[in-house]
Amino acid sequence: MTVTNFNNKRFSLVENSENGKVNSDTVFDYKQDGNLVTADYFGGTVKYGKIIAIHKGNHLDMRYQCVTIDNELKTGKAIAKISQRQDGKLQLSLNWEWLDSTKESGTSEYIEN
């Protein structure tokens, strides 16, 4: 599968580790320019968040930050594996880690709306 563009695609959470901050009410609006991929995310447990990533073949190398509804400022990194479902929608499978002193990590799954 070749993914050429995330521009104007919206994703929602399917599954997240317990120590993750987003929930099913959080939406991610993506843009792409060449291999640069960005996203704004908000809703549910997140007031506002931003992703910046480099698109490399079948994955995204991501850095992200957000402010939660509890006014926590969180930053992290992730590798997102890109796949395409049978219905043609894109799916992102993330292995992520918070960059604070806890260094907690987890996994999450997102699907294109």
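- Heavy atoms from other residues, nucleotides or ligands lying under 6.0 Å from CD of E15 number 12 at most.
- The CZ atom of F28 lies 10.0 Å from the CZ atom of F42; values are rounded to the nearest 0.5 Å.
- Across T107 and S17, no two heavy atoms sit closer than the pair N-OG, 2.8 Å.
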Steps toward side-chain contact (heavy atoms from CB on, under 4.5 Å) verdict (M62, I79): CA-CA 6 Å; M62 301 177 147; I79 298 294; over 6 Å; no
Candidate pair I52 and V37, rule side-chain contact (heavy atoms from CB on, under 4.5 Å), full reasoning: CA-CA 6 Å; I52 187 166; V37 177; over 6 Å; no
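- L60 contributes atom CG, which lies 10.0 Å from atom CG of N35 (distance to the nearest 0.5 angstrom).
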Worked verdict on V22 versus Y41 for side-chain contact (heavy atoms from CB on, under 4.5 Å): CA-CA 9 Å; V22 302; Y41 61 104; 4.0 Å; yes
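- In this structure, K74 forms a cation-pi arrangement with W98, its terminal cationic atom sitting closer than 6.0 Å to the ring centre and no more than 45° off the ring axis.
- Rounding to the nearest 0.5 Å places NZ of K77 at 16.0 Å from CD1 of I51.
- E72 has its side chain out of reach of V67: every pair of non-hydrogen atoms, C-beta onward, lies at least 4.5 Å apart.
- Residues N58 and K81 have side chains that never bring a donor and an acceptor to within less than 3.5 angstrom of each other.
- In this model, no donor atom of one side chain and acceptor atom of the other lie less than 3.5 Å apart for Q91 and Q84.
- Summarising the local packing, NZ of K56 is surrounded by 12 or fewer heavy atoms from other residues, nucleotides or ligands at distances under 6.0 Å.
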D61 vs R63, salt bridge (Lys or Arg N to Asp or Glu O under 4.0 Å): CA-CA, chis, key distance, verdict: CA-CA 7 Å; D61 185 358; R63 302 297 181 273; 2.7 Å; yes
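- The two residues F6 and H55 have their closest heavy-atom pair at CE1-NE2, 4.3 Å.
- Rounding to the nearest 0.5 Å gives a distance of 11.5 Å between CG of D33 and NZ of K31.
- One hydrophobic cluster holds both V46 and L92 under the rule that ILVMFWY side chains link at heavy-atom gaps under 4.5 Å.
- The minimum heavy-atom distance between E112 and G88, with the atom names listed, is OE1-O, 4.5 Å.
- Ring geometry for F11 against Y30 counts as perpendicular: the plane angle is over 60°, on a 0 to 90° scale with 30° as the lower cut.
- The shortest heavy-atom contact between K103 and L99 is NZ-O, 4.0 Å.
- Residue S105 holds its OG atom at 12.5 Å from CG of L94, rounded to the nearest 0.5 Å.
- The two atoms that bring S108 and N16 nearest to each other are CB-OD1, 3.3 Å, heavy atoms only.
- Ion pair D87/K89 not flagged as a salt bridge, since none of the NZ, NE, NH1 or NH2 atoms sits closer than 4.0 Å to an Asp/Glu carboxylate oxygen.
- Donor-acceptor pairing under 3.5 Å is recorded for the side chains of T102 and D100.
- Atom NZ in K47 sits 14.0 Å away from atom OG1 in T26 (nearest 0.5 Å).
- Between N23 and G44 the shortest heavy-atom distance is OD1-CA, 3.5 Å.
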